[in-house]
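Data first, discussion second: the structure below is written as structure tokens.
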Protein chains: 2
Amino acid sequence: MDGQPGGSTNEDRQGESFVPNYLLYLLAAASEAASAQFHAHVRAQGVRVPEWRVLACLADRDGEMVTRLAGYALIEQSRLTKIIAQMDAKGWVTRRGDSQDRRRVRVFLTEAGRALAERLVQDARAHEAQLLAKLEGGDAARIKQALATLIDELGAAQHRTPGAEDFSNE
Amino acid sequence: MDGQPGGSTNEDRQGESFVPNYLLYLLAAASEAASAQFHAHVRAQGVRVPEWRVLACLADRDGEMVTRLAGYALIEQSRLTKIIAQMDAKGWVTRRGDSQDRRRVRVFLTEAGRALAERLVQDARAHEAQLLAKLEGGDAARIKQALATLIDELGAAQHRTPGAEDFSNE
DNA sequence: GGTCAATATATGAAATTTCATGTTTATGGC
DNA sequence: GCCATAAACATGAAATTTCATATATTGACC
């Protein structure tokens with residue numbers, strides 16, 4: 001999955017170089033680094049990462065409609081439609097139209113899908129516990145709280161932050 | 001770029017649901033949420049996100065070899081080779097073989113490429129400053145430190161963490 | 001100097017992703 | 001009820017990404 005981070009790892013986090021200390025880079029690199037091992041595990045089970053995301057989301061909220069599932073799983077709608085079709089073919093999920101609103105398509109885990117999802121969620125929990133254990137004590141320990149705050153802060157900002165929409169230095 | 005996060009935003013960060021409180025999800029969601037606006041800006045300039053990453057890395061370290069550039073930019077090598085070919089076609093970079101080791105290909109910014117890169121880095125700095133300003137005071141303020149720690153912690157772990165390699169609950 | 005393993009990059013085919021747009025169904029006036 | 005507009009999904013073609021593998025060097029060793 002992508003060039004392993006570590007290409008710059010640390011030495012020049014301070015210097016004049018831009019990238020290694022840039023927030024958006026740190027977020028992307030941290031996400032990749034943290035996910036690499038578990039994503040390898042997921043693929044080793046014959047599940048692709050986006051499929052795992054869908055499984056996890058459905059384990060939380062079975063029968064979700066496609067659009068909301070897309071938002072929840074961080075997958076673009078058009079792409080998700082195709083992924084779901086494949087997961088359907090594999091017998092992990094089924095689709096049923098919503099009787100209230102027939103535009104909607106609700107996605108449900110099959111028995112096999114639920115078993116797979118639950119197994120992987122277990123693994124994910126165990127893996128996460130390992131990661132967190134490794135961070136105990138340091139600044140990184142409160143990282144989940146910090147990330148949650150960041151996400152909420154940004155989510156709210158989707159709707160106008162007066163006088164701060166532009167950041168280009170023309 | 002992907003389903004906007006916000007599909008779950010906050011309400012159930014506490015409940016019994018797994019995803020909204022899972023570290024790997026928080027990292028991915030935070031990365032996306034934080035990057036969305038700036039990535040839109042980049043694309044509006046006619047630059048794709050992976051290209052922007054390459055430009056930024058080269059602005060830091062011009063003349064880097066492909067493999068290292070891949071690690072630095074978080075892009076898989078094979079993919080990077082193709083991206084660089086396109087950037088070359090656009091006149092943003094040029095490639096020169098390394099005379100010491102003729103397997104290597106070093107990538108350099110052209111004048112146009114450097115101008116573009118520097119402009120975008122300026123924009124990125126400004127945008128980052130805005131983001132950080134929004135977080136002042138809260139837990140999220142020290143997020144860069146936390147992420148850097150996390151990355152280093154994980155990077156080191158690539159080489160054996162005895163007795164902690166397995167996390168599946170068979 | 002020759003050989004074998006490793007490193008650096010390129011490449012081609014298959015698969016996935018993207019983007020724009022199509023279809024169907026719901027909603028809010030009028 | 002009709003119409004215009006929006007929402008929810010699906011779809012097709014183009015572009016990109018992935019994966020396995022090819023090619024060219026370099027290094028190590030005997």
Side-chain angles (χ1 to χ4, degrees), chain A residues 1-4 6-7 28 32 35-36 39-40 42-44 46-54 61 63-90 93-108, chain B residues 1-4 6-7 28 32 35-36 39-40 42-44 46-54 57-58 61 63-90 93-108:
Chain A
M1 100 185 23
D2 277 349
Q4 327 69 312
E32 288 225 352
S35 305
H39 285 177
V42 167
R43 279 188 291 268
V47 180
R48 285 177 304 159
V49 171
E51 293 173 333
W52 147 239
R53 288 189 172 159
V54 171
R61 307 177 171 191
E64 193 61 85
M65 56 182 277
V66 173
T67 300
R68 264 203 274 276
L69 192 54
Y72 202 31
L74 305 176
I75 297 174
E76 187 270 334
Q77 178 263 317
S78 176
R79 173 144 87 111
L80 180 59
T81 290
K82 291 167 186 176
I83 290 169
I84 288 174
Q86 293 176 129
M87 295 179 72
D88 190 341
K90 292 181 189 175
V93 302
T94 42
R95 288 174 282 189
R96 293 209 306 271
D98 184 312
S99 52
Q100 308 306 139
D101 184 337
R102 289 187 327 203
R103 292 170 303 180
R104 297 182 180 170
V105 171
R106 297 194 168 275
V107 185
F108 298 85
Chain B
M1 96 178 22
D2 276 349
Q4 326 71 313
E32 287 225 354
S35 304
H39 285 178
V42 166
R43 278 189 292 267
V47 180
R48 285 177 303 160
V49 170
E51 293 174 332
W52 148 239
R53 287 190 172 157
V54 171
C57 290
L58 290 177
R61 308 178 170 189
E64 194 60 87
M65 57 182 278
V66 172
T67 300
R68 263 203 275 276
L69 193 53
Y72 202 33
L74 306 176
I75 298 174
E76 188 269 335
Q77 179 266 317
S78 177
R79 172 144 87 110
L80 180 59
T81 290
K82 291 167 184 177
I83 290 169
I84 288 174
Q86 293 176 127
M87 295 178 73
D88 190 339
K90 292 181 189 177
V93 302
T94 42
R95 289 174 281 189
R96 294 210 303 273
D98 183 311
S99 51
Q100 309 306 138
D101 184 338
R102 288 187 327 202
R103 292 170 301 180
R104 297 180 180 172
V105 171
R106 296 194 169 275
V107 185
F108 298 85

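All values reported here derive from a predicted model rather than from experimental measurement.
Between D:dA10 and A:T81, a contact under 4.0 Å exists linking OP1 or OP2 to a side-chain N or O. Note on B:R102: every side-chain N or O is 4.0 Å or more away from OP1 and OP2 of D:dA24. Contact between the side-chain N/O atoms of B:S78 and the OP1/OP2 oxygens of D:dT18 is not found at any separation under 4.0 Å. For D:dC9, the OP1/OP2 oxygens have a side-chain nitrogen or oxygen of A:T67 closer than 4.0 Å. In this structure, A:Q86 reaches the C:dT16 phosphate: one of its side-chain N or O atoms is under 4.0 Å from OP1 or OP2. Between B:R79 and the phosphate of D:dT17, there is a side-chain N or O to OP1/OP2 separation shorter than 4.0 Å.
Between A:M65 and A:D98, the closest side-chain pair of non-hydrogen atoms is not below 4.5 Å. Contact annotation: the side chain of A:V66 never approaches that of A:R104 to less than 4.5 Å [non-hydrogen atoms, C-beta and beyond]. With contacts defined as side-chain heavy-atom distances shorter than 4.5 Å, the pair B:I84/B:L69 qualifies. Here the side chains of A:V107 and A:E64 are not in contact, with every heavy-atom distance at 4.5 Å or above. Put simply, the side chain of A:Q86 does not reach to within 4.5 Å of the side chain of A:K82, judged on heavy atoms.
To the nearest angstrom, C1' of C:dC19 lies 12 Å from CZ of B:R43. In this structure, CD of B:E76 is placed 16 Å from P of C:dT16, rounded to the nearest angstrom. In this structure, CD1 of A:I84 is placed 13 Å from P of C:dT17, rounded to the nearest angstrom. Taking atom CG of residue B:L80 and atom P of nucleotide D:dT16, one finds them 14 Å apart after rounding to whole Å. A straight line from CZ of A:R104 to P of D:dA7 spans 12 Å, rounded to a whole angstrom. What separates CG of B:D101 from C1' of C:dT7 is a distance of 8 Å, to the nearest Å. Across the protein-nucleic acid pair, A:R103 atom CZ and D:dA10 atom P stand 13 Å apart, rounded to whole Å. Distance CD (B:E64) to C1' (C:dA8): 13 Å, rounded to an integer number of Å.
Here the closest heavy-atom approach between residue A:I83 and residue A:P50 is recorded as CD1-CB, 3.7 Å. Residue A:W52 comes nearest to A:V47 through the heavy atom pair N-CG1, 3.6 Å, listed as atom of the first residue, atom of the second, then distance. The shortest non-hydrogen separation linking B:R53 to A:A28 is NH2-CB, 3.9 Å.
Between A:K82 and B:I83, the one whose closest nucleotide on DNA chain D sits nearer the 5' end is A:K82. For the pair A:D98 and A:R48, nearest-nucleotide mapping onto DNA chain C gives the more 5' position to A:R48.
For B:Q77 against C:dA8, a side-chain-to-base donor-acceptor contact under 3.5 Å is absent.
Overall, the helix from C:dG1-D:dC30 to C:dC30-D:dG1 carries an axis bend of 30° between its ends, with five pairs at each end and the value rounded to 10°.
Side-chain atoms of A:V66 lie closest to D:dA10 of the nucleotides C:dT9, D:dA10, D:dT17.
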